[in-house]
Q: 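Have a look at the structure that comes next, please.
We name chains A, B, ... by the order of the sequence lines, and we start the count at 1 in each one.
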Amino acid sequence: MDVSHLFREMEAGTPVRVVLLSEASEDELGGISEIMGIGLSTEEMSRIRTHFISEGRDPTDVELEALGQAWSEHCCYKSSKYFMKRSFIGIKAPQTVIEGEDAGVVEFDDEHVYCVGLESHNHPSAIGPYGGSATGVGGIIRDVLCMGAQPIAVIDPLFFGPLDTPAEEVPEGINHPRFIYSGVVAGIRDYGNRIGIPTVAGMVNFHPGYTGNPLVNVGCVGIGRKENVIHSRVGGPGEVYILAGGRTGRDGIHGVTFASADLSAESEEKDRGSVQLGDPITKEPLIHSCLEANEKGLLRGMKDLGGGGLSCVSGEMALDGGAGAVIHLDRVPLKEEGLAPWEIWVSESQERMMVSVAPENVDAVLHMFRKWDVEAVVIGEVVEGKRVKALWHGRTILDLDLEFFTAGPEYCRIFESRKVDRDIPDPGIGPLPREKLEDALLSILSSPNICSKEDVFRVYDHEVRGRTVIKPYAGMPFSPGPSDAAVIKPLEDSYKGIVITADVNPYFCELDPYRGTLSAMEESVRNLVSTGAYPHSVTDCLNFGNPEKPDRLGDFERACTAIGEFARHFTLPVVSGNVSLYNESEIGKVPPTPTIMMVGLIDDIRSATTPDLKEKGNIIYLVGRTRNEMGGTAFFRYMGVECSCVPDVDLELSGKCMDAILEMNGEGLLFSVHDLSEGGLAAAISEMCIGGGLGADINIRRVGSMSEDEGEPMDVNEKLFSESNSRYLIEVPPQYALKVEDCLSRKGAPYTKLGTVLGDSLRITDGETILMDVPVSDLDYAWRNGLRKLMEGS
Amino acid sequence: MKADEVKVCVLRMEGTNCEQETFDAFRRLGADPEFVHLKQLEGRDTLAGENRSLDDYQILMFPGGFSAGDYVRAGAIFAARMKASSGRDLARFIDEGKAVGGFCNGFQIMVELGILPAFDSAMSEHPEAVLHANDSGRFECRPTLLKHVNRGKCAWTGKLEENEIRLIPSAHAEGKFMLPAERERGLYERLFDEDRIVFRYSDPSGDVEAPYPYNPNGSKFNIAGITNDGGNVFGLMPHPERVFFRNTHPDWYRRRVGPEEGDGRKIFESVLEYVMKRF
């Protein structure tokens with residue numbers, strides 16, 4: 001459609017066009033949105049037209065671009081907000097200090113807070129894996145920084161298609177998972193390492209559903225003094241806006257609109273310019289200078305320029321501070337000459353921060369930035385009123401009512417929540433002979449989602465800042481096993497620790513988004529509790545498909561409900577989060593992926609526990625209840641059995657087990673703790689053996705028959721490989737056995753005594769029958785080399 | 001001197017990022033560390049009172065990180081700027097017997113500056129060695145065991161026993177210590193003969209020829225750290241500042257009881273003791 005007649009030059013010499021919405025037909029409104037690439041629906045365009053008619057004029061292209069960005073799914077959560085408000089936003093918890101700004105702020109101790117944020121950088125990472133993931137790290141660090149907190153840890157849950165996907169199964173225009181995986185890891189490595197913030201945890205998950213659309217979620221935790229917490233808003237009229245950091249360029253134009261549409265064959269070509277470029281060596285001094293200026297009390301407000309650029313930031317900061325703003329666009333330092341004013345206004349170039357400063361402090365702040373060789377310029381003023389204006393050499397080219405500008409549409413679109421079949425089919429597997437069981441265990445240990453991710457975490461500096469107490473691995477220094485969560489000791493004069501984990505099992509969520517999400521919450525809790533920490537706050541990154549399709553939105557609704565139910569039950573505030581929709585390509589949607597990042601606290605890091613077995617002769621117990629709910633488990637996937645009965649969560653039981661483990665650990669009774677997740681009991685005990693370089697002899701006869709309400713006895717496969725939630729393995733010295741059993745009984749946590757730490761092989765029996773007996777070195781080899789073998793293609 | 005009189009210059013520029021833990025190590029021992037930006041030595045963009053001179057300090061630290069991004073050779077830009085503005089001051093600082101140390105990127109900077117190995121003067125005109133890309137071709141963040149092989153020259157390890165093994169973690173992409181191929185043999189002999197090798201990568205049994213992953217980068221003779229002829233200048237690829245306390249060791253939780261002291265602490269104690277005795 002030709003809509004060129006609806007664009008008119010504003011005036012000679014000003015590179016701005018007026019868009020004649022008042023003269024456009026309905027069809028032409030859609031055409032304008034399309035040709036400008038702003039992703040607004042005809043209905044939204046029509047609302048904008050009505051608004052401008054009431055102002056008695058037509059908008060400029062700068063104004064339309066600004067609205068396209070502010071009203072994108074990415075910026076205003078128009079499809080998702082309704083469900084989140086209904087489910088989990090605003091759960092009252094005493095520890096919450098700030099919820100709903102760039103990052104959540106939560107009380108750490110009497111004098112300190114911690115900040116958490118988690119974001120997706122999915123579409124940029126699909127097109128440019130290296131730059132996309134690097135700027136993902138950069139973005140989330142800025143979110144934490146702009147609350148006045150020192151970033152202390154980066155966490156990155158990553159989701160890719162299988163590395164051995166045949167090339168012909170990768171949709172046209174989409175990069176191969178192997179390319180994306182390598183690029184993403186390298187991007188996080190080069191950016192995270194250079195800015196000196198340790199990458200301490202995360203996950204690497206593979207599922208065919210991510211082949212067309214990988215997910216790159218990046219989280220950050222920071223620490224700050226309470227009095228240094230700064231809001232993402234101005235103090236009031238009269239203040240000055242200073243833009244600091246990187247220069248503004250054409251990278252990242254339309255980034256948020258690109259994030260709010262499905263990926264297509266043309267994305268690679270068309271949307272390359274939407275991917276921002278990161279520069280860690282601008283970022284690193286930017287962190288220093290912003291924190292230093294803030295500590296000296298020189299700043300009134302601070303906000304990072306992320307998705308939405310200058311446009312969103314200057315408006316939102318002013319409005320939230322009850323004021324308006326005037327921005328001189330011609331003063332913005334540029335990477336290259338010739339950017340149109342609208343490009344400067346909406347560019348999402350990286351490493352930029354906006355600070356609002358009282359006039360008397362401007363010189364001091366500019367000096368602070370200059371000292372660090374960070375470019376900073378005064379670009380505007382905070383004014384009375386509720387409008388934001390942008391000027392180009394004195395000429396007004398944007399003049400928007402802030403309420404209208406920032407109050408994007410909110411939809412309750414049609415959704416269909418699916419019914420999940422909880423019938424348990426006969427898997428038709430039967431008892432497996434010893435060699436088949438051993439094979440199953442070794443295959444599961446070396447499978448991509450369970451095997452060691454050492455090749456990933458060793459290229460991330462997880463120890464810089466010298467405060468990483470529990471690292472991504474645990475056990476013998478040169479042959480460690482996995483750890484359940486990372487522990488950071490953030491303060492010099494306190495042993496209190498921050499414990500961080502991130503989790504979700506896409507296989508469960510794919511089959512049952514509700515129980516899958518509950519499982520993600522419960523597994524995160526288990527990871528913290530296993531480490532000795534009590535869960536303290538939740539941050540989520542909800543990665544789903546196109547919300548305009550009712551089944552996708554139905555999955556989203558189920559996940560939100562699950563988060564809400566779980567968080568309310570345990571009074572866990574959801575302090576910040578991110579929604580990423582439109583994760584689809586021509587081969588379909590990604591599995592519903594509600595990534596949960598949870599932060600726990602531990603009063604004394606010296607009481608933290610790890611999964612690696614510590615000492616021969618110690619007793620091993622299984623805590624929790626094992627059920628026949630094998631849907632989506634690693635074992636059923638290995639055997640090719642389809643079943644949608646995924647593990648459920650019993651909130652009461654979850655709480656009892658959690659309390660018991662925390663109490664026993666607090667008393668120093670537990671030498672090691674590991675939660676049971678993918679691969680069930682068999683994988684968990686193997687990982688404990690690997691980390692400790694020690695064997696174990698366990699009998700599983702009584703597993704699953706520990707409670708009176710349990711009917712049928714479970715078969716061996718279920719006992720070994722069930723992934724029921726709320727379960728832990730604990731290692732207890734014999735002299736503490738009575739105390740431990742007493743505590744578990746008192747708390748109402750079911751338990752089974754399994755056996756002892758012994759020898760150098762893992763021997764599992766069921767009554768008198770030997771199920772398997774595998775040398776720990778074989779377990780170690782299978783687990784440690786799984787990913788390496790896939791990458792080498794052997 | 002008393003400990004609290006010992007002034008430590010923790011020098012930084014953009015991309016330096018192990019300065020806080022380096023600073024903390026000295027402060028915990030009662031010394032008086034200060035963050036100094038390279039521009040404060042250069043006198044560029046500074047206000048009155050912000051300029052600093054190396055003469056004000058007894059210890060100069062080059063912390064780890066990625067100075068200027070390490071987009072050229074690691075440490076090259078930091079070194080070039082330092083040499084241009086304070087090269088002479090630095091040579092004098094060394095000749096006076098004051099202590100200079102650098103870990104990881106700091107060691108790379110010192111090699112680029114020519115203050116290590118510094119075969120013939122306090123500061124060579126051109127770099128005489130290189131810290132080359134790891135044999136594995138990638139960044140390696142992993143525990144490493146260091147055997148202290150110095151026989152007494154190095155001021156930074158005076159409180160360590162000869163041949164004792166300490167766990168000091170590594171985190172670098174370019175740490176393979178190399179000397180010019182054509183003169184290699186003689187130069188290595190000099191390093192050994194003159195007691196200039198301080199630490200060698202080792203396995204738990206003390207074998208200093210142990211391969212990867214014990215030797216994380218492929219350094220010849222498993223060399224991890226060296227000193228100059230005077231013993232007051234010391235560069236090391238691994239990070240002692242990260243193991244000042246036991247609780248950042250990779251396996252502290254495997255022993256229920258034990259010291260709180262980490263394996264890196266003695267290095268800072270040693271240099272502090274050296275300075276306190278000498279000045």
Side-chain angles (χ1 to χ4, degrees), chain A residues 150 186 189-190 193-199 279-288 367 370-374 454-455 457-471 473-478 480 487 489 492 495 497 605-610 612 614-615 668 671-672 691-692, chain B residues 12-22 24-25 27-28 35 37 39-40 44-47 50 64-71 136 138-145 167 169 171-173 203-204 213-214 239 241-256 260 262 264:
Chain A
Q150 165 70 53
R189 173 196 70 200
D190 285 358
N193 291 355
R194 280 198 169 88
I195 52 172
I197 313 297
T199 301
D279 176 10
I281 298 306
T282 299
K283 173 58 105 339
E284 199 266 348
L286 187 63
I287 297 175
H288 286 300
H367 174 69
R370 194 178 312 118
K371 202 167 89 181
W372 281 102
D373 287 318
V374 171
E454 189 162 349
D455 282 354
F457 68 68
R458 292 257 184 245
V459 303
Y460 301 151
D461 192 337
H462 47 261
E463 297 193 294
V464 60
R465 300 186 60 75
R467 300 197 168 275
T468 313
V469 171
I470 304 286
K471 306 171 206 296
Y473 52 85
M476 309 287 283
F478 292 95
V487 180
K489 177 181 175 295
E492 180 73 7
Y495 279 109
I605 50 121
R606 292 168 295 185
S607 66
T609 39
T610 54
D612 48 302
K614 306 289 188 305
E615 226 171 88
F671 272 31
S672 67
Chain B
R12 59 182 179 175
M13 70 178 290
E14 60 271 18
T16 305
N17 50 38
C18 301
E19 68 263 49
Q20 186 67 50
E21 46 273 42
T22 307
D24 289 344
R27 199 191 42 80
R28 287 165 189 153
F35 290 124
H37 197 287
K39 290 170 85 173
Q40 293 175 271
R44 199 159 57 81
D45 294 334
T46 44
L47 298 177
E50 286 183 346
F66 285 81
S67 53
D70 280 352
Y71 292 115
S136 66
R138 62 183 177 194
F139 189 91
E140 298 273 355
C141 181
R142 55 172 66 251
T144 36
L145 295 173
L167 191 150
H172 57 256
D203 69 7
Y214 297 108
H239 287 274
E241 78 281 11
R242 294 186 182 183
V243 280
F244 191 89
F245 296 115
R246 183 65 41 184
N247 60 41
T248 47
H249 274 238
D251 59 346
W252 61 269
Y253 43 81
R254 291 191 63 77
R255 263 182 298 169
R256 291 268 132 176
E260 292 244 318

Q: When rounded to the nearest 0.5 angstrom, what is the spacing between CE in A/Met476 and CZ in B/Arg254?
A: 5.5 Å
Q: Nearest heavy-atom pair of B/Pro250 and A/Pro477: which atoms, and what distance?
A: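 Shortest heavy-atom separation between B/Pro250 and A/Pro477 comes out as CG-CB, 4.2 Å.
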Q: Give, as side chain, backbone, both or neither, the part of A/Ile197 having an atom under 4.5 angstrom from any heavy atom of chain B.
A: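 A/Ile197 has no heavy atom closer than 4.5 Å to chain B.
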Q: Please flag which part of B/Arg44 lies under 4.5 Å from any non-hydrogen atom of chain A: side chain, backbone, both or neither.
A: side chain
Q: Pick whichever of A/Lys489, A/Lys283, A/Glu284, A/Arg370 has the most heavy-atom pairs under 4.5 Å with chain B.
A: A/Glu284
Q: Which class fits the ring pair B/Tyr214 and A/Phe478: parallel under 30°, tilted 30 to 60°, perpendicular over 60°?
A: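 Taking A/Phe478 first and then B/Tyr214, their aromatic rings sit tilted (interplane angle of 30° to 60°).
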Q: What part of B/Glu19 is in contact with chain A, defined as an atom under 4.5 angstrom from a non-hydrogen atom: side chain, backbone, both or neither?
A: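 The side chain, not the backbone.
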Q: In Å and rounded to the nearest 0.5 Å, what is the NE2 to CH2 distance from B/His37 to A/Trp372?
A: 4.5 Å
Q: Quick one: which of B/Glu241, B/Glu260, B/His239 has the most heavy-atom pairs under 4.5 Å with chain A, could you say?
A: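 Option with the greatest count: B/Glu260.
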Q: Compare every heavy atom of B/Gly15 with every heavy atom of A/Ile281, then report the nearest pair and how far apart it is.
A: CD1-CA, 3.8 Å
Q: Give a yes or no on whether B/Arg255 atom CZ has more than 12 heavy-atom contacts from other residues, nucleotides or ligands under 6.0 Å away.
A: no
Q: Which one, B/Leu145, B/Thr46, B/Asp70, leads in non-hydrogen pairs under 4.5 Å with chain A?
A: B/Leu145
Q: Under 4.5 Å, counting heavy-atom pairs only, tell me which of A/Val374, A/Asp373, A/Ile605 racks up the most with chain B.
A: A/Asp373
Q: Between chain B and each of A/Val487, A/Thr609, A/Asp455, count heavy-atom pairs under 4.5 Å; write down the option with the most.
A: A/Asp455
Q: Is it the side chain or the backbone of A/Ala186 that comes within 4.5 Å of chain B heavy atoms, both, or neither?
A: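 Nothing of A/Ala186, per the 4.5 Å heavy-atom cut-off to chain B.
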Q: With a 4.5 angstrom heavy-atom cut-off, which part of A/His367 approaches chain B: side chain, backbone, both or neither?
A: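 The side chain, not the backbone.
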Q: What part of A/Glu463 gets within 4.5 angstrom of chain B, counting heavy atoms only: side chain, backbone, both, or neither?
A: both
Q: For the pair B/Gln40 and A/Lys371, evaluate side chain to side chain contact (heavy atoms under 4.5 Å, CB included) and give the outcome as yes or no after the intermediate values.
A: CA-CA 9 Å; B/Gln40 293 175 271; A/Lys371 202 167 89 181; 5.6 Å; no
Q: Select one option (side chain, backbone, both, neither) describing which atoms of B/Arg12 are under 4.5 Å from chain A's heavy atoms.
A: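 Side chain only.
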Q: If you take all heavy atoms of A/Gly466 and B/Thr248, which pair is closest and at what distance?
A: O-CG2, 3.4 Å
Q: Is there a side chain to side chain contact (heavy atoms under 4.5 Å, CB included) between A/Asp461 and B/His172 once you walk through the steps?
A: CA-CA 8 Å; A/Asp461 192 337; B/His172 57 256; over 6 Å; no
Q: Is it the side chain or the backbone of A/Thr468 that comes within 4.5 Å of chain B heavy atoms, both, or neither?
A: backbone
Q: For chain B, which candidate among A/Arg189, A/His462, A/Glu492, A/Glu615 shows the most heavy-atom pairs at distances under 4.5 Å?
A: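 Answer, by heavy-atom pair count under 4.5 Å with chain B: A/Glu492.
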Q: At a 4.5 Å cut-off on heavy atoms, which part of A/Lys471 comes close to chain B: side chain, backbone, both, or neither?
A: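 Looking at A/Lys471, just its side chain touches chain B.
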Q: What part of A/Asn193 gets within 4.5 angstrom of chain B, counting heavy atoms only: side chain, backbone, both, or neither?
A: both
Q: Counting only non-hydrogen atoms closer than 4.5 Å, does B/Ser67 touch chain A with its backbone (N, CA, C, O), its side chain (CB onward), both, or neither?
A: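 Nothing of B/Ser67, per the 4.5 Å heavy-atom cut-off to chain A.
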Q: Top residue by heavy-atom pair count (under 4.5 Å) with chain A, among B/Cys18, B/Ala68, B/Ala171, B/Pro213?
A: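 Max contact count across the listed options: B/Ala68.
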Q: So A/Arg465 and B/Asn17, do their side chains get closer than 4.5 Å, heavy atoms only?
A: no
Q: Over all heavy atoms of both residues, which pair between A/Arg458 and B/Pro143 is shortest? Give the atoms and the distance, please.
A: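 Taking every non-hydrogen atom into account, NH1-CD, 3.8 Å.
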Q: Considering residues at least two apart in sequence or located in another chain, which fulfil the side-chain hydrogen bond (donor to acceptor under 3.5 Å, both in side chains) criterion with B/Glu140?
A: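 With sequence neighbours excluded, B/Glu140 shows a side-chain hydrogen bond (donor to acceptor under 3.5 Å, both in side chains) to B/Ser136, B/Arg138, B/Arg142, B/Tyr212, given in chain and number order.
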Q: Using modelled atom types only, decide if a donor and an acceptor are shared between the side chain of B/Tyr253 and the backbone of A/Ser607 within a distance under 3.5 Å.
A: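 Such a contact is absent between B/Tyr253 side chain and A/Ser607 backbone.
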Q: Could you walk me through whether A/Arg467 and B/Phe245 pass side chain to side chain contact (heavy atoms under 4.5 Å, CB included), step by step?
A: CA-CA 10 Å; A/Arg467 300 197 168 275; B/Phe245 296 115; over 6 Å; no
Q: Need one label for A/Tyr495: side chain, backbone, both or neither, based on atoms under 4.5 Å from any heavy atom in chain B.
A: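 For A/Tyr495, the contact with chain B is made by the side chain alone.
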